[in-house]
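Positions are given from 1 along the sequence.
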Amino acid sequence: MNNYRAVIFDLDGTLLDSIEDLSDSMNAVLKDAGYPIHEIQSYKYFVGNGMEKLVFNALPQEYRCEDTIKKLTEKMNQEYDKRWNVKTHPYDGIAELLDALITKNIDMAVLSNKPDKFTKIIVKELLSNWKFHVVYGERKFVPKKPDPTGAIEIAHTLGLKPREIIYLGDTNTDMQTAISAGMYAVGALWGFREKDELVSSGAKAVIQKPLELLNFMH
C-alpha cells in the first residue's frame, strides 16, 4: 500500500452538502429573470465546473448567449453571497474523518471550482475546527478542474509528490483532475453523482462513507 501523506478534497458534494443553497440561489436568479426554475436533482448535474457553467446549464438552451451568461453569473454571485450558509453543512462522517486524518498527521487541502472567494469563506466558516494547509477555489489565471494545474500546485506547496496524495471528489471532473495530476483518485458516493460516472472517469476506488478513506492510510 502506498504511503499517502495528504488528501486534497473537493468541496461541494464531498466535504459539504451545499446543493440546496446553490439551487435556491440559482432558482431565485432564474425566476427574477423570467426563466424556468429546476429541481434540486438537476442541480447535482449542473454544478461542479464553476459558476459560469452552472448558469449556462441552468439557462434554457436558446438563451445561452455570452451576455446573458455574464449578467446572470454576476447575479448568481450576489444571490449566493446572501445564502451560502443557510442550509449548507458537512456530510455525516466528515468531522470524524478530518479528526482522524489530523491524528494521523495527514496534510489536508481543498480544491474547488467554486469561486475562490466563496471557497475560502465557506471553509473558514463551516470547517473552522480543522486546519487545511491550502484552500483554492476558481482563480482568474489558473485553469479550472479537470485541468490538473491547481492540484499540482497544491502538491508543490505541501512539498509532496502527486503519487503521495489522495484526491477525494464526487464528480467526473474530480476524477479526471486526480488522474491527470498523478494522484490517487477516490470517488465519494455520498455526493452529487453516481458510481458509474466516477468509475468510468478513472476512480481507483469509490467509498460509501467518509471514514472508509482511512482504509487507504497506514
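Note that the CE atom of M108 and the CD1 atom of I8 stand 12.5 Å from one another [nearest 0.5 Å]. In this structure, the separation between CD on E52 and CG on N77 is 9.5 Å, given to the nearest 0.5 Å. For the atom pair T177 OG1 and I152 CD1, the distance stands at 10.0 Å (nearest 0.5 Å). Once rounded to the nearest 0.5 Å, the distance linking CD of E138 with CE of M51 reads 9.5 Å. In this structure, CG on L54 lies 9.5 Å from NZ on K114, to the nearest 0.5 angstrom. The distance from atom CG of N215 to atom CD1 of I207, rounded to the nearest 0.5 Å, is 8.0 Å.
The shortest distance between side-chain heavy atoms of I94 and F9 does not fall below 4.5 Å. Using a 4.5 Å cut-off on side-chain heavy atoms (C-beta onward), S180 and P146 make no contact. The side-chain heavy atoms of K204 and I179, taken from C-beta on, include a pair separated by under 4.5 Å. You'll find the side chain of W130 stays beyond 4.5 Å of the side chain of L101, heavy atoms only. You'll find the side chain of N57 stays beyond 4.5 Å of the side chain of Y45, heavy atoms only. A 4.5 Å side-chain heavy-atom check between F132 and L98 finds at least one atom pair inside the cut-off.
When all heavy atoms of G93 and P210 are compared, the closest pair comes out as O-CB, 3.5 Å. The minimum heavy-atom distance linking L59 with Y63 is given by the pair CD1-O, 3.7 Å. Of all heavy-atom pairs between I69 and T73, the closest is O-OG1, 2.6 Å. Contact detail for L158 and A6: the closest heavy-atom pair is CD1-CB, 3.8 Å. Among all heavy-atom pairs drawn from G169 and L198, the shortest one is O-CD2, 4.4 Å. Across all non-hydrogen atoms, the minimal contact from R139 to G150 is NH2-CA, 4.3 Å.
Judged by distance alone, the side chain of W190 and the main-chain N or O of T14 form a donor-acceptor pair under 3.5 Å. Between the K120 side chain and the V135 main chain, a donor and an acceptor come within less than 3.5 Å of each other. Judged purely by atom type and a 3.5 angstrom limit, D21 uses its side chain to pair as donor or acceptor with the backbone of V86. A donor-acceptor distance shorter than 3.5 angstrom exists from the side chain of K145 to the backbone of L111, with no hydrogens or angles considered. The main-chain N or O of K44 is found under 3.5 Å from a side-chain atom of R193 such that the two form a donor-acceptor pair. Looking at D12, its side chain never comes within 3.5 Å of a backbone N or O of S18 through a donor-acceptor pair. Using modelled atom types, no side-chain atom of R5 and backbone atom of D107 make a donor-acceptor pair closer than 3.5 Å. Remark: side-chain polar atoms of E197 are not paired, donor with acceptor, to backbone N or O of E194 under 3.5 angstrom.
By the 6.0 Å contact criterion, NE2 on H89 is enclosed, its count of non-hydrogen atoms from other residues, nucleotides or ligands being greater than 12. Under a cut-off of 6.0 angstrom, the local environment of CG in D81 is crowded, with over 12 non-hydrogen atoms contributed by other residues, nucleotides or ligands. Counting heavy-atom neighbours within 6.0 Å of E62 CD, excluding the residue itself, gives a total above 12.
Neither Y136 nor W84 shares a network with the other; the hydrophobic side chains, linked directly or stepwise wherever heavy atoms of I, L, V, M, F, W or Y lie under 4.5 Å apart, form separate groups for each. I154 and I165 end up in the same hydrophobic cluster when Ile, Leu, Val, Met, Phe, Trp and Tyr side chains are linked at under 4.5 Å. Two different hydrophobic clusters hold I166 and M175 under the rule that ILVMFWY side chains link at heavy-atom gaps under 4.5 Å. The hydrophobic clustering, which links ILVMFWY residues whose side-chain heavy atoms are closer than 4.5 Å, places V134 and L160 together. If you chain together hydrophobic residues whose side chains sit under 4.5 Å apart, Y91 and L15 fall into the same group.
Under 4.0 Å is where a charged nitrogen must lie from a carboxylate oxygen, and between K71 and E74 no such pair does.
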(request) Evaluate the side-chain contact (heavy atoms from CB on, under 4.5 Å) criterion for residues M76 and S25: first the C-alpha distance (whole Å), next the side-chain angles of each, then the deciding distance (0.1 Å), finally the verdict. (result) CA-CA 6 Å; M76 173 59 184; S25 301; 3.8 Å; yes
(request) Go through the steps for F56 and N49 under the test side-chain contact (heavy atoms from CB on, under 4.5 Å), then give the verdict. (result) CA-CA 10 Å; F56 175 90; N49 290 296; over 6 Å; no
(request) Using the side-chain contact (heavy atoms from CB on, under 4.5 Å) rule, take M26 and V47 through it: C-alpha gap first, then chi angles, then the decisive distance, then the call. (result) CA-CA 11 Å; M26 191 71 242; V47 301; over 6 Å; no
(request) Could you go through the side-chain contact (heavy atoms from CB on, under 4.5 Å) check for F46 and V55 one step at a time? (result) CA-CA 8 Å; F46 291 171; V55 171; over 6 Å; no
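Taking the six-membered ring where the residue is Trp, Y4 and Y184 present tilted rings, their angle falling between 30° and 60°.
Remark: of the listed residues T88, L126, D170, V110, V110 is the sole one forming a side chain to side chain contact (heavy atoms under 4.5 Å, CB included) with L11.
Between the side chains of D174 and Y167, at least one donor N or O sits under 3.5 Å from an acceptor N or O.
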